[in-house]
Amino acid sequence: MIFDWLKRRREPRPGATLAARLRDYTPYEAPHAGPGTALSPNQAAENLACFEQVLPQRLQQISALLHEVAGIDTRAALAEPSAHAAALADELQRWALAQWPALRLAGPGGLTRWLYSRRSGGDVVFSMLLDLAMLLGELIARGNPDWHWGLDLDAQNLADGMLSARRIVLLADPVGTHTTPFVLDVEAVVVHRFLHADDPAQRLLNPLRRLVEEGLRGDAMACWRQAG
């Protein structure tokens, strides 16, 4: 049963670091790596099917990791996002401030490495970041049913080479005069937070809380509803 790990509390191991803990982290290996613009529609669909199948197990894994290395409990936020998601985002930001800067990638990093990564071995941190995106996305989708997991299949986004194109994102149906689904690229937000861990804007602001609050409110759709 999901979250059975809480029945047998695991205390942080003396001297253990997040980097050391990630060496035991089960990687998320999608059927097809690479940017969405390099994937066929069938390959993108296979990635989504895999994502949806393993989502419960990945939520359990990231929740167990957070509990072990940071004392963060995700249960209340997942059960009642409107009441607890913002507070959880604050805890995650404090954790990121304290522990993410030590997770240095060996070799060149950046968006290209993330997009082409298999999320295993020296890149297993990208599995953790995807799991964290799953967690944040679930908070948003459970708290605002307008959102659901899916693929950004907007033809213009693909033609423009948008980062979200043919990747797994949160989607909301068009409203008002807006004619295409609304897209919330949760993983890209989380990865940007990691890759720019020392950026003052990422440290002083809280992009994780902003993501959750705007998603729960449905800010992207609000003005179009009024215009419609």
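On a predicted model such as this, the values are computed, not experimentally measured, just so you know. Values reported hereafter were calculated over all heavy atoms of this structure, with side chains retained and with hydrogens, waters and symmetry mates removed.
Linking ILVMFWY residues whenever their side-chain heavy atoms come closer than 4.5 Å, directly or via other members, leaves Val183 and Trp224 in distinct clusters. Linking Ile, Leu, Val, Met, Phe, Trp and Tyr residues whenever their side-chain heavy atoms come within less than 4.5 Å places Val189 and Leu111 in a single cluster. The hydrophobic clustering, which links ILVMFWY residues whose side-chain heavy atoms are closer than 4.5 Å, places Phe51 and Leu171 apart. Residue Leu158 is not grouped with residue Leu48 when hydrophobic side chains (ILVMFWY) are merged at heavy-atom distances under 4.5 angstrom, including chains of intermediate members. Cluster annotation: Tyr116 is not connected to Met162 through the hydrophobic network of ILVMFWY side chains, with a link wherever side-chain heavy atoms come within less than 4.5 Å.
Classification of Asp152 and Arg166 as a salt-bridged pair fails, no side-chain N sitting under 4.0 Å from a carboxylate O. Under the 4.0 Å criterion applied to side-chain N and carboxylate O atoms, Asp198 and Arg104 are assigned as salt-bridge partners. Salt-bridge check for Glu187 with Arg119: passed, with a basic side-chain N closer than 4.0 Å to an acidic carboxylate O.
For the 3.5 Å distance criterion, the side chains of Ser164 and Asp185 fail to qualify, holding no donor opposite an acceptor. For the residue pair Gln93 / Arg193, a side-chain donor-acceptor distance below 3.5 Å is found, with atom types taken as modelled.
Annotation: side chain of Leu135 is in contact with side chain of Leu66 (closest heavy-atom distance under 4.5 Å). Side-chain contact between Leu184 and Val169: absent, with no pair of heavy atoms (C-beta onward) separated by less than 4.5 Å. Within the 4.5 Å cutoff, the side chain of Asp146 has no heavy atoms near those of the Val175 side chain. Inter-residue side-chain proximity for Trp95 and Trp100 is flagged as met; some heavy-atom pair is nearer than 4.5 Å. Side-chain contact check for Trp114 versus Val125: every heavy-atom pair is 4.5 Å or farther apart. Between Leu216 and Pro81 the shortest side-chain heavy-atom distance falls below 4.5 Å. Using a 4.5 Å heavy-atom threshold, the side chains of Ile168 and Leu151 count as touching. Under the 4.5 Å side-chain criterion, counting only non-hydrogen atoms from C-beta, Met128 is not in contact with Phe194.
Between Leu97 atom CG and Gln99 atom CD the span is 11.0 Å, to the nearest 0.5 Å. Between the CG atom of Leu65 and the CD atom of Glu68 there is a distance of 7.0 Å, given to the nearest 0.5 Å. Between the OG1 atom of Thr17 and the CG atom of Leu22 there is a distance of 8.5 Å, given to the nearest 0.5 Å. Taking CD1 of Ile140 as the start and CD of Glu213 as the end, the distance is 10.5 Å to the nearest 0.5 Å. Distance check, rounded to the nearest 0.5 Å: CD of Glu91 to CZ of Arg209 gives 11.5 Å. The distance from the CG atom of Asp90 to the CG atom of Leu88 is 9.0 Å, given to the nearest 0.5 Å.
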Intermediate values then yes/no, side-chain contact (heavy atoms from CB on, under 4.5 Å), His178 and Thr180: CA-CA 6 Å; His178 200 277; Thr180 59; 3.3 Å; yes

Is there a side-chain hydrogen bond (donor to acceptor under 3.5 Å, both in side chains) between Gln156 and Asp160 once you walk through the steps? CA-CA 6 Å; Gln156 191 60 54; Asp160 292 342; 2.9 Å; yes

What do the steps show when you test Leu130 against Val191 for side-chain contact (heavy atoms from CB on, under 4.5 Å), and what is the final call? CA-CA 8 Å; Leu130 176 59; Val191 170; over 6 Å; no

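Without hydrogens or angle criteria, Ser127 side chain to Tyr28 main chain gives a donor-acceptor distance under 3.5 Å. Gln43 places a side-chain N or O within 3.5 Å of a backbone atom of Ser40 that can act as its donor or acceptor partner. The backbone N or O of His32 sits less than 3.5 Å from a side-chain atom of Asn47, completing a donor-acceptor pair. Not a single donor-acceptor pair under 3.5 Å links the side chain of Asp123 to the backbone N or O of Phe126. Using a distance-only test at 3.5 Å, with no hydrogens or angles considered, a donor-acceptor pair links the side chain of Arg118 to the main chain of Ala30.
Among all heavy-atom pairs drawn from Glu46 and Pro31, the shortest one is O-CG, 3.8 Å. Contact detail for Ala141 and Leu170: the closest heavy-atom pair is CB-CD2, 4.4 Å. For the pair Ala96 and Pro101, the tightest heavy-atom approach, listed with the atom from each and the gap, is O-CD, 3.3 Å. Scanning all heavy atoms of the two residues, the minimum distance from Phe182 to Ala220 falls at CE2-O, 3.2 Å. Here the shortest heavy-atom pairing between Ser120 and Pro27 reads CB-CB, 3.8 Å. Ser117 and Ala33 make their closest contact through O-CB, 3.8 Å (heavy atoms, listed as atom of the first residue, atom of the second, distance).
Tested against Ser63, the residues Thr74, Ile72, Asp131 include a single side chain to side chain contact (heavy atoms under 4.5 Å, CB included) partner, Thr74. When each of Leu115, Leu39, Asn157 is checked for a side chain to side chain contact (heavy atoms under 4.5 Å, CB included) with Arg167, only Leu115 meets the rule.
By the 6.0 Å contact criterion, CZ on Arg210 is open, its count of non-hydrogen atoms from other residues, nucleotides or ligands being 12 or less.
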